[in-house]
Amino acid sequence: MIPFDFDYYVPDTLKEAADIYGSLRREGASPVYYAGGTEIISMARVSNIRPSAVIDIKNIPECKGFGTDGARLFFGAAVTLGEICESNLFPLLGLAAGRIADHTIQLRLTLGGNLAGTIIYRETMLPLMLADASVYISGPAGDREVPLSDVFSGGKRLSPGEIIVRVYVDAMYASLPCVHVKKSRTEKLGYPLVSLAAMFMDGSMRSAVSGLVFYPLRLRDTGIKNKQSAAALAQQLFSEAPSPIIEDVNGSAGYREFIFKKTAENAIIHFRKL
Amino acid sequence: MLKLSGKCKITLNVNGNSYETLVRPADTLLEVLRKQLGLTGAKAGCENGDCGACTVLVDGMPVKSCLMLAAEAVGRSVTTIEGLKGTPVQKAFAENYAFQCGYCTPGFIIVCHALLAKYPEPDDYTIESWLQSNICRCTSYQEIKAAVQAAVMETRARQ
Amino acid sequence: MQQAADTRIRRDAPQKVEGKAVYNDDRTPPACLQARLLTSIYAHAEIKFVDVSKAYTVPGVRAVVTGESGALLGSIIQDMPALAVKRVRYFGEPVAMVVAQEEWQAAQAAKLIQVEYNPLPVVNSLEEALKPGAALVHPGLSEYRHAVNDVYPEYGTNISNRTRIRKGNMAEGWSRSAVVVEATYNIPQASHAYMETRNSRARISPDGRIDIFSASQGPHASRSHIAKVLNVPEGSIVIHAPFLGGGYGGKVNPHPDFLAVMASKAAGGQETRVSFTREESFFSCPCKIGAKAVVRLGADRAGKLQAYKVDFFIDSGAYADTSPVISRAAAADCAGPYSIPCIECDSVSVYTNHVYTTSFRGFGHEISTFALERSMDKLAAALNMDPAEFRARNALRECDYTSTQVKVTLSNTGNISACISRVKQIMEWDEGTRIQAEKGLVRSKGIACFSKTSTSPTDAVSTAVISFCSDGCVNLNCSVIESGTGATTALPEILAKRLNIPVENVYMNLEVDTLNNPEHWKTVASMSTYMAGNAILAAADDAVKQLKANAASALRCGVQDIEFDGKRVYVIEDPDSYIELKNLVYGVKTEQGNAVGGPVIGRGHFAMKHLSIMDTETGKGKTGPYWTAGAQGVEVEYDEREHSFRLVRAVTVLDAGKVIDRGCAASQVSGAMNMGLSLATREEYQYAGNGEPKDTSFRTYKVMHYSENPDYIVEFIETPNLGGPYGARGLGEHGALGMASALAGALSRAAGVEFDSLPITFEAVWSAVTNKGRQAKQ
């Protein structure tokens, strides 16, 4: 039950969306873009946000659908995590998406919402960072395709009025050996203590992690075809993570460190066997 | 471009029936089903998408109706527990003690029903990942597991 | 007459699987007004002022209600205002309530109420509450009225009740003890997590009648409670209680009902609904107690327990509610199912500035069981004995005495040794309790026993009325709430068996209203089958007596010459001479068309017998009619590298006396086991330094989900309880009791460290193992 009113818009084109957003802003209204709605509804219910209008982008053709032109894969921002899992177009993205919230919710959560939302974990970003993805963004400053890392690295977010339209990934990354491991306070569900995505490429491990710090963190690519123990490499990876490590009801910083190192070590061992 | 503002009239298709109803754009599907349409089978348990008691089908797939605006359901086909009758899943839940207080049961049945519609012979991993979406505080879940297995058998037998 | 178990379904199954089962909120009329709460953002503060004026600016708002001095709630100590007055004592305490046409308007308006607080020192733990000079949560403790006689608050402290157990000569007990273990145990507060949040509606008619529609486990108790506080005749209040969406003890206290009455009153008597959000269910509704136990347990060389000293500290949170009785229950059953000659126990319920607490499945036995069972494991290890064997050696037997000095019979406690040996068989105990598997995995097993009685009021009652239809069908009228326990399946079976009629011919009320359904204490304490079952047997016998009286005159013989076989009353010497049941139920028809004898109405009641208030010095007394005891096991697979574990299987063997409905009984027990494991592995209220709960939604407070469960195995031993219906004992809570201990035993064995606090999360295991490693290095 949302304790205030808002207007609901369903634009049919990107231009309509931008126009209505712009005019609402000029009127002093506080519109938000809306896709899966899960985060907006749950935050609005407890009055953590009070938008006066929501602009549902699920009907905009450019935001829908996913596929490939051979060289590149694309995912519309309004594609659900459920669709991404099922498509298996980019297996590592499917693995990460398939562990966010729960299955029913995955059928509502969208890729754009997960990337642009306020949740700190944004686990779909992990595979996309590893694949050097780019995003097509539409906004008041015009439309543009930019590297994902330019928009979202660290704690960075979209500017007001901007929306993600599509995400592009070089198809080559979809066939690389990969692992995704998520550890939470209890066994399977819940926010991650560690959500680690990793790919094996040219003798080294590319990895990124959510749950250690307050944003998805791309770790340094690590050569693993060497004599160093997996545990030592994992320790090295951890030592390069910025501080502070998250400490909250789900788990202490120390435990996150432990879990991260074990998980990274296991990933390295896994890739070494290939 | 569709725009809804203030109290507005929308038409919802629920369980094969068409309902014209007045809603606020901020009303969730769950509230409208329960308060406006009198379909109280979907339950509010957390209104935060965590418990699954409000799960309904939208175009055949499970959705937590507390996290969907009623306005979003326009033009789509909604099925609530009231729209299921005599299904293998319902029979199996009844016969396997797969409920106690029964409050979470409509949500579980909706999820299981959608699961078997999509995967008549689901593997354990698929069953688990779908059923993780709901909470039951009364049973041990073992009874629900038995019901899902019985429903798979029953579905097979009916075909 | 019984159908095969595999084709039988619960009576509530058809409506529950079709979404047609009606819960309280499903019947909220469209015109019902809606109330929402404003709750405290301080754990302890004075309320300097409340300004409600802005709330009235929201369209649709009808009334804003704030706390009034005078009316205090409390089933034991009357210490709780329905809305805070002058002071808030926990984060989340309701301060004001807005009544509006729509719920969203009420919620919006509640946010506009301005409250100015003056923060007070926060009593944020048991230790802080009990230290000398502690801030007092209730400085006016001595001024409160008590709803019962046997509660003993200690004025000028935070202690709301103390119970003492003194049995045997402790000095001698210790001198006989060759081995002694000492430890401290902690369990946190936790949420009932009923899926249906608390809600209630009330309306007040011009004639003064108050109708309350409530998600309640105890409508009769609520009626009496509210009538006393409002000072109105009890009969003017009618509480309607339909199917309950889970309760587990959490929907007994009448707070929502009282708020609904206040809200309706403020709205001129119009029907008004009060409901708690899920978040409010965590921080504004009463939760499960937290507790600490300090233990010293001794045994002689032969492995016989000799002396037990235990102190329980119950974190009752901000208001007493039932926690004084919970602390008493922990003390009364402190020795569990074991024979211990010398016992010294002090148990106190303690006010803190935490969320207030109420009854919860287990009712104090979760801490008494955890403290004792963990200590039993340690003592067995110190004696170099097998923990299962050690338990069996000390299990209560006939002619032993319980902690409160009640003489043990097979009838009043059942066969504990049989339960232990069956658990051992199922668990394949003798193949080993710690088995090293490959890849750093360890399979490990733990065992625990439990025993629990009702700790009910000494005069708790239940009533049943049966009447008949003209075709001979039977109407059963009693006031057990169908909260999921299957009572509405099992109770008709008891009646059908006694009357020797098909169970399908019994029709029972599935919901309760206090005007039309007779008194039943509360649907709590695993006592429904026992209490209502006995009332039903008495009602059945009363009905048969009347049927026979009706038949006797028509058959021209005495009642001693005739018999009822479920279908007819016949002459014993001449069975061809009979009258069918349907021709007797409204009296016997004469040829002139008159009915002789009149309609049959069977009345039956049950009242607790021979219970006594515990002696204030020694605790001597009988706190329940019988104990239900049993044994449990948990097997885990422990990962030595990551310190995580997987639950493999969980076993309960319980002496049920007599199983009335196997399906209902087994699923009650397995469901309780699941809850016990969920509490043991993940659930806890964590408080910030200012007393604010950190975790108030299912987003982060995770209960057990589908794929995280072990295999559950439930079996029953049947040693009749001579006072129970067909020998039955209650079993609703018991499956939860030993799970934490058995799990902790298995994990302690696997990881080589003792787990004495709950929950045992993966992080807790990692932390304990790491700390031990660190200490070993030093």
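Lettering of chains follows the sequences in order, A, B, ..., and the numbering in each one begins at 1. Only heavy atoms go into these numbers, but all of them, side chains included; no hydrogens, no water, no symmetry mates.
- There is no contact between B:Ala42 and chain C, counting heavy-atom distances below 4.5 Å.
- Ion pairing between a basic and an acidic side chain is recognised when a charged N comes within 4.0 Å of a carboxylate O; B:Arg24 and C:Glu103 show no such pairing.
- Partners of C:Tyr248 according to the ring pair (Phe, Tyr, Trp, His ring centres under 6.0 Å) rule, which considers only residues two or more places apart in sequence or in another chain, do not exist here.
- Under 3.5 Å, the side chains of B:Gln132 and C:Ser707 contain a donor-acceptor pair of N or O atoms.
- Between C:Asp26 and B:Lys43 a salt bridge is recorded (basic side-chain N to carboxylate O distance below 4.0 Å).
- Few gaps surround CE on B:Met1; more than 12 heavy atoms of other groups in view lie less than 6.0 Å from it.
- For chain B, no part of C:Ser275 is nearby; none of its heavy atoms comes within less than 4.5 Å.
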Q: Start with the C-alpha distance between B:Asp50 and C:Tyr701, add both sets of side-chain angles, then the distance that settles side-chain hydrogen bond (donor to acceptor under 3.5 Å, both in side chains), and finish with yes or no.
A: CA-CA 10 Å; B:Asp50 299 321; C:Tyr701 183 104; over 6 Å; no
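- Chain B forms the most heavy-atom pairs under 4.5 Å with one residue out of C:Glu279, C:Glu482, C:Gln668, and that residue is C:Gln668.
- Ion pair B:Glu47/C:Arg278 not flagged as a salt bridge, since none of the NZ, NE, NH1 or NH2 atoms sits closer than 4.0 Å to an Asp/Glu carboxylate oxygen.
- Contacts between B:Arg34 and chain C at a heavy-atom distance below 4.5 Å involve the side chain alone, from C-beta outward.
- Under the 4.0 Å criterion applied to side-chain N and carboxylate O atoms, C:Glu102 and B:Lys35 are not assigned as salt-bridge partners.
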